[in-house]
Structure formats: structure tokens, C-alpha cells
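Notes for the one structure printed next.
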Amino acid sequence: MSEHSRSPRQPRNRGSAPGGAPKGTRGGAAKGTGGAPKGTRGAAPKGSGGSSGRTSSGGGKRTAGPRFAGSTKPSQPTRLPSRETAPPVDVHDPDGVRLQKLMAAAGVGSRRVCENLIEQGRVEVDGQVITELGVRINPQSQVVHVDGVRVNLDEERVYLAFNKPKGVVTTMHDELGRISLADYVGNREQRLFHVGRLDADTEGLLLLTNDGDLAHRLQHPAYGVLKTYLATVRGPVGRDVGKQLREGVELEDGPVTVDSFKVVDSQPGKALIEVVLHEGRKHVVRRMLELVGHPVLELVRTEVGPIRLGDLRSGRMRRLNKAEIGALYQAAGL
């Protein structure tokens, strides 16, 4: 018996080789060999799995077949390691509101649709999958996700997109008496936070909300929420500018890099470029472009995370819809 035929990985063939004996030989091949009959010379038929046309000792009863690296015996199937699951937590609040009612009020769907989502295991409360319809929760303190997207259950929370005009100061109160955000939203009962800042000479998208946790995450660079700007700069813009900004430049308050840079349009003496970054330092776009030799003439912020300015007119605002709010939560890791 050959060395290979002793391998525990070698299956045993108990019939004639597929395709019968080679043309020109008498009779069938030796039982179980799949190679040349006993006494013939030359190479074994192509695909037989034999080595150099030699039959194994013992009258050609066995030949060495293909060896499969990493194969496993049928009697010893591979088992995945068991993973300990976190103990279930009771999220039911007897004094709360039925989960499907809150979901329907939040715009997820009709009451019946929300019940189906719960029964299908697509709803989580505080990280726990809920499949029972009788669960009640507190919308002020508990968090609900549907298909991994957070649902806003608090009707008092406000989420606005505002197209800030040039000349408006990003503050709720300006001691110098300049036009500020208070002139646009100062009459609201809720106290609103602005997500990041735009200097007076910069226009474009500004998010306003009374959700302090979300506002903090959206503007903090550690969470990597991208902001997109369109800047009109003095041109022409050299091909190496984008590479230089992506690799990083050193400002007086530390290094900064862009996540994306491209030239959108070029005209004699000026160019329109798109800059994407997750930084939120004061005048960061203007300072970095001036450092590389292209001072900003006009600057507009067009996107914050998944929210786009679109065709919102200057000085106008709109409420974010359910899908946009959920996308913001997802971008902020909430």
C-alpha cells in the first residue's frame, strides 16, 4: 500500500473508474484503481489521480487519489465556537405607551403595519428585539430602532434645515445688533441648537434642533460626519492642490486634511471647487485654501451628513422628514 493511500483523508472507491477502461485495453480497469490495468505501461489516463502510471502494491487494489488540504472527516464536522448572548433586559414600562402606537404616531406606518414589524422581530427597544405587542415604553427615555434606523418618538423634538443667507451671524443673540438666527427662529418655544457654525460671509445649509445629543455628535470631528462646501476661489487651480490638501496642511491651530477635493468648474481667473471634510474649526475652509494659494471669494455649505441643501431658497427653512432624521441618527452613531 502506498504512503498516500494510508492517509485518513483518502476516500475509498469501490467501483470502476468513471468512463471505463482506456481505449485499446482488454477488460475493465482493476477494481477501484481508475488507472491503467495491471501489466500495462505508460502514463495513467488523464484525471485518474495516480502517480507516474504505477499501481499500488497488492494487485492494484488501491491507488493514491487527490488530497484536499484542510479537509475534514465526515465523522468530525467542524463546529463554530459558541458565543455567549447578552442576558435579556426587560424594557417594558407599565406606565408607558404601547410601542405600536408610538411608532404609528412617529410616522413609521399604520398601527397594523407597526404591529407586523414588531411580530417580525424588526423592532428594537434599548437594543432588545421586541416581538410581543403588549410592550409599553417611555418615549422620553427609551430608544427605538426599526430595521437598524432610529425612530424619533418625542414629538417635542424639532429638526430644521435652514439656508443661511450671507451677512447673518450664527448665534441666537448678537451684542452688536447684527442680523442673527434669532431673527428667524427666535419666536419658537423650543430652544434650538445650531449644528456647527457658518461665518457671516458664508451661506448655505445650517441644521437647527433641540436634540442636544445629536447636535453634539454631528459637529464633533470624532464622529466623522462629513460637511460639503462649494467654494469659488482664485484660479487656475493646479493639479497638485487636491493631493496636497488630502495629505494635510499645517494651520496655526494644528494640521487639517480634506476627505475629498475636486474642481467642479474653471473660468479665467477663478474656479469652483468642492471640498468635503469632517473638521469644524473656525474658518477652516477659508484658511486652508488660502494657505495653498487660492483665497476664497464665495463659500456655500451644501451638505451636512446625509442632508442636502437642495433647492431650499436663501433665508428659508424646512422640517426634516422621518427618513432624514433617521439618516442623521445613523450618521451620528445613535
Point to revise | Pair R122-Q120, side-chain donor/acceptor within less than 3.5 Å | key: yes
Point to revise | Shortest non-hydrogen contact from G326 toward V149 | key: CA-CG1, 3.6 Å
Exercise for review: Could you give me the CA-CA distance, side-chain angles and deciding distance for E324 and R318, then say whether salt bridge (charged side-chain N to carboxylate O under 4.0 Å, His left out) is met?
Suggested key: CA-CA 12 Å; E324 289 175 318; R318 65 175 179 86; 2.9 Å; yes
**Study point:** Shortest non-hydrogen contact from T209 toward D211
**Key:** OG1-N, 3.0 Å
Point to revise | Whether over 12 other heavy atoms sit under 6.0 Å from E175 CD | key: no
**Study point:** Donor-acceptor pair between T202 and R286 side chains, under 3.5 angstrom
**Key:** yes
Practice item. Quick one: closest heavy-atom pair of L160 and M317, and the distance? Key: CD1-SD, 3.8 Å
Revision key, fill the gap. Nearest heavy-atom approach of P139 to L153 is CB-CB, 3.9 Å
Review point. Taking atom CG of L309 and atom OG of S314, what is their separation to the nearest 0.5 Å?
Key: 9.0 Å
Revision key, fill the gap. Value for CD (E203) from NZ (K164), rounded to nearest 0.5 Å, stands at 7.5 Å
Check your understanding: Is the number of heavy atoms from other residues, nucleotides or ligands within 6.0 Å of CZ (R234) greater than 12?
Key -> no
Review point. Can you find a pair of side-chain heavy atoms, one from R188 and one from L192, that are under 4.5 Å apart?
Key: yes
Exercise for review: Considering only NZ, NE, NH1 and NH2 on the basic side and carboxylate oxygens on the acidic side, decide whether E290 and R287 come within less than 4.0 Å.
Suggested key: no
Review point. For the side chain of S110 and the backbone of V113, is there at least one donor-acceptor N/O pair under 3.5 Å apart?
Key: yes
Check your understanding: Under 30°, 30 to 60°, or over 60°: which ring-plane class applies to F162 and Y184, parallel, tilted or perpendicular?
Key -> tilted
